[in-house]
Engineer: 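Before anything else, here's the structure in question.
If you're wondering where the values come from, they're calculated on a predicted model, not measured in any experiment. We're numbering straight along the sequence, starting at 1. Both ligands and their constituent atoms are indexed starting at 1 by order of listing.
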Amino acid sequence: MAFEGLADRLQDTLQKIRGKGKVTEADVKEMMREVRLALLEADVNFKVVKQFINKVKERAVGQEVMKSLTPGQQVIKVVNEELTALMGGEQSKIAVSSRPPTVIMMAGLQGAGKTTTVGKLANHLRKNHNRKPLLVAADIYRPAAINQLETLGKQLSMPVFSMGDQVSPVEIASKAIEKAKEEHLDYVIIDTAGRLHIDEDLMQELKDVKEAVTPDEIFLVVDSMTGQDAVNVAESFNDALDITGVVLTKLDGDTRGGAALSIKAVTDKPIKFAGMGEKLDALEPFHPERMASRILG
Ligand code: GDP
C-alpha cells in the first residue's frame, strides 16, 4: 500500500499530540523532531524536509486559536495543509488544446512504466473525459515496445499509429498528428524512447520530437519506488525538456513515498497522475489533499 511506512510513523507521532488541550513550543519541537526523522526515513529530499519542518513550526507555534479544535488538532491540521502544499496543493488538470488534437508526449527511463502509462492514460481520457485518443509508437529502439503498444491498443480497442522501427521518431510523431486530424481523434499520446540511463542522445531525440510537434503536455513517467533517484531523473528531464508534469508509477508498491513528497518541491512541476497497479484502469489523477489525508489517516 502506498505510503504505508510513512503513514504508520507519522500517525504514531501525531497521536501523542492529538488530544492535548495545551501545546507548548517544546511539544511542537519534540513532535517535529520525530516528523523530520519519519520524512527522512521515507526518503524525502533533505532540503525539502528542512523547509517543510520550518514552515510547520512557524505556523504551529504562532497560530491563532480556533475554537472548534483542540491545540493538538490544530497542529495536525497545519501538518496536513503543509503536506498537501508540498505535493502541489490543488489537483493539476490535463491540458485541452483549443485546436485538436491535444498532443501529449511521454518521456521516461526504460522500465519506469511509460508504455503501460500510455495505455492507462488513453483509457482514462476515454472513460472519464469521453475523448478519442491515438496511441503513437515512437519508441523505435526497445524491440518489444511497438508490439507492446499494439497489444495495448487491441486490449483497449483503440487505434495505434506505428511506422516500424526504421523511421525517425520525429517523422512518426508528425505523421501521427496528421492522421489524428484526418480521423477526428482528439488526443495524440506519443510513446517516446526510454534508455536505461539518461544520455545526450536520448535527450536530443526528445528535444527534436518536442520541437517538431510542440506538445500541449510533456509528461515524465517515473518509478516512485526508486525514491530520490526518481527525483534526480525528474530534475534532469525537466532541465532538458521543461516538462509540464509527472506521472508517478508503482505508487501501489511504494511504502515510503519519498518521490511523491519531493518531486513538486524540487522541480516545481506538478504530479498529474499516479499509477496504482499493472492493470489498464490503475491510473488515478493525483490529488495532493487526498494523498495527505491518506498519510495522516
Ligand atoms: P517502459 O519501459 O517505461 O515503457 O515500462 P513498461 O510500461 O513496459 O512497464 C514496466 C513494468 O512496470 C511492467 O511490468 C508494468 O506492468 C509495470 N508497471 C507500470 N506501471 C505500474 C504501476 O503503476 N504499478 C505496478 N505495480 N506496476 C506497474
Engineer: Just need the protein heavy atom nearest to atom 18 (N) of ligand 1, so name the residue and atom and give the distance.
Structural biologist: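 In this structure, atom 18 (N) of ligand 1 has Lys250 CE, 3.9 Å as its nearest protein heavy atom.
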Engineer: So is Gly108 close enough to ligand 1, meaning a heavy atom under 4.0 angstrom away?
Structural biologist: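 The answer is no: ligand 1 sits nowhere under 4.0 Å from a heavy atom of Gly108.
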Engineer: Identify the residue among Val49, Val231, Leu6 that makes a side chain to side chain contact (heavy atoms under 4.5 Å, CB included) with Val44.
Structural biologist: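 Result: among Val49, Val231, Leu6, Val49 is the only option passing the side chain to side chain contact (heavy atoms under 4.5 Å, CB included) with Val44.
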Engineer: State whether the side chain of Thr226 and the backbone N or O of Asp223 hold a donor-acceptor pair below 3.5 Å, judged by distance alone.
Structural biologist: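 Confirmed, Thr226 side chain pairs with Asp223 backbone.
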Engineer: Pairing donors with acceptors under 3.5 angstrom, does anything connect the side chains of Arg131 and Thr102?
Structural biologist: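 Checked: Arg131/Thr102 side chains show no N/O donor-acceptor pair below 3.5 Å.
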Engineer: Report yes or no: does Gly111 have a heavy atom closer than 4.0 Å to ligand 1?
Structural biologist: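 Yes; Gly111 lies near enough to ligand 1 that a heavy-atom distance drops under 4.0 Å.
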Engineer: Mind checking salt bridge (Lys or Arg N to Asp or Glu O under 4.0 Å) for Glu90 and listing every partner two or more places apart, or none if nothing turns up?
Structural biologist: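 Per chain and number, Glu90 pairs via salt bridge (Lys or Arg N to Asp or Glu O under 4.0 Å) with no residue.
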Engineer: Could a heavy atom of Leu109 be found less than 4.0 Å from some atom of ligand 1?
Structural biologist: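 For ligand 1, residue contact (heavy atoms, under 4.0 Å) with Leu109 is present.
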Engineer: Name the closest protein heavy atom to atom 14 (O) of ligand 1, giving the residue it belongs to and the distance to 0.1 Å.
Structural biologist: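 Result for atom 14 (O) of ligand 1: Glu278 OE1, 3.3 Å.
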Engineer: Which residue supplies the protein heavy atom nearest to atom 22 (C) of ligand 1, what is that atom called, and how far is it?
Structural biologist: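 Heavy-atom neighbour on the protein nearest atom 22 (C) of ligand 1: Gly277 O, 3.1 Å.
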Engineer: Which protein heavy atom lies closest to atom 8 (O) of ligand 1, and at what distance to 0.1 Å?
Structural biologist: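 So the nearest neighbour among protein heavy atoms is Gln148 NE2, 3.0 Å.
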Engineer: Closest by any non-hydrogen atom to atom 9 (O) of ligand 1: pick that one out of Gly113, Ala107, Ala112, Gly119.
Structural biologist: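 The residue whose heavy atom sits nearest atom 9 (O) of ligand 1 is Gly113.
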Engineer: Please check: side-chain N/O of Lys120 versus main-chain N/O of Gly277, any donor-acceptor pairing under 3.5 Å?
Structural biologist: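 At least one qualifying donor-acceptor pair exists.
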Engineer: Does Arg195 make a cation-pi contact with Tyr141, if we ask for NZ or CZ under 6.0 Å from the ring centre and within 45° of the axis?
Structural biologist: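 Yes; both conditions hold, so Arg195 lies above the ring face of Tyr141.
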Engineer: Of all the atoms in ligand 1, which lie at a distance below 4.0 Å from a heavy atom belonging to Lys114?
Structural biologist: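 Close to Lys114: 1 (P), 3 (O), 4 (O), 5 (O), 7 (O).
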Engineer: How long is the straight-line distance from CG of Asp242 back to NZ of Lys269, given to the nearest 0.5 Å?
Structural biologist: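 These two atoms lie 4.0 Å from each other.
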Engineer: Of the side chain and backbone of Arg142, name the one, both, or neither that has a heavy atom under 4.0 Å from an atom of ligand 1.
Structural biologist: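 Arg142 to ligand 1: side-chain contact only, backbone stays beyond 4.0 Å.
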Engineer: What is the minimum heavy-atom distance between Ile140 and Pro169, and which atoms define it?
Structural biologist: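 That closest heavy-atom pairing would be CD1-CD, 3.8 Å.
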Engineer: Considering the heavy atoms of Met276, write down every atom of ligand 1 situated less than 4.0 Å from one of them.
Structural biologist: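 It comes down to these atoms of ligand 1: 23 (O).
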Engineer: Tell me: protein heavy atom nearest atom 6 (P) of ligand 1, and distance?
Structural biologist: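 Heavy-atom neighbour on the protein nearest atom 6 (P) of ligand 1: Thr116 OG1, 3.4 Å.
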Engineer: If you count the atoms of ligand 1 from 1 in the order shown, which ones are under 4.0 Å from a heavy atom of Gly275?
Structural biologist: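 In order of numbering, the contacting atoms are 23 (O).
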Engineer: Please check if the number of heavy atoms outside Gln204 that lie under 6.0 Å from its CD is greater than 12.
Structural biologist: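 Yes - once you tally the heavy atoms of other residues, nucleotides and ligands closer than 6.0 Å, there are more than 12.
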Engineer: Write out the residue and atom name of the closest protein heavy atom to atom 20 (N) of ligand 1, then the distance separating them to 0.1 Å.
Structural biologist: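 Closest protein heavy atom to atom 20 (N) of ligand 1: Lys120 NZ, 3.6 Å.
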Engineer: With heavy atoms of Gln110 as the reference, note each atom of ligand 1 found under 4.0 Å away.
Structural biologist: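 Result: 2 (O).
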Engineer: Could you see which bit of Asp252 sits under 4.0 Å from ligand 1, with heavy atoms only: side chain, backbone, both or neither?
Structural biologist: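 Looking at Asp252 and ligand 1, just side chain atoms fall under 4.0 Å.
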Engineer: For ligand 1, note which part of Val221 has a heavy atom under 4.0 Å away: side chain, backbone, both or neither.
Structural biologist: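 The answer is neither; Val221 stays 4.0 Å or more away.
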Engineer: Would you please say whether a donor-acceptor pair under 3.5 Å links the side chains of Thr116 and Glu278?
Structural biologist: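 No.
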Engineer: Kindly write out the residues that satisfy salt bridge (Lys or Arg N to Asp or Glu O under 4.0 Å) with Lys20, not counting sequence neighbours, or none if the list is empty.
Structural biologist: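 Salt bridge (Lys or Arg N to Asp or Glu O under 4.0 Å) check on Lys20 returns Asp27.
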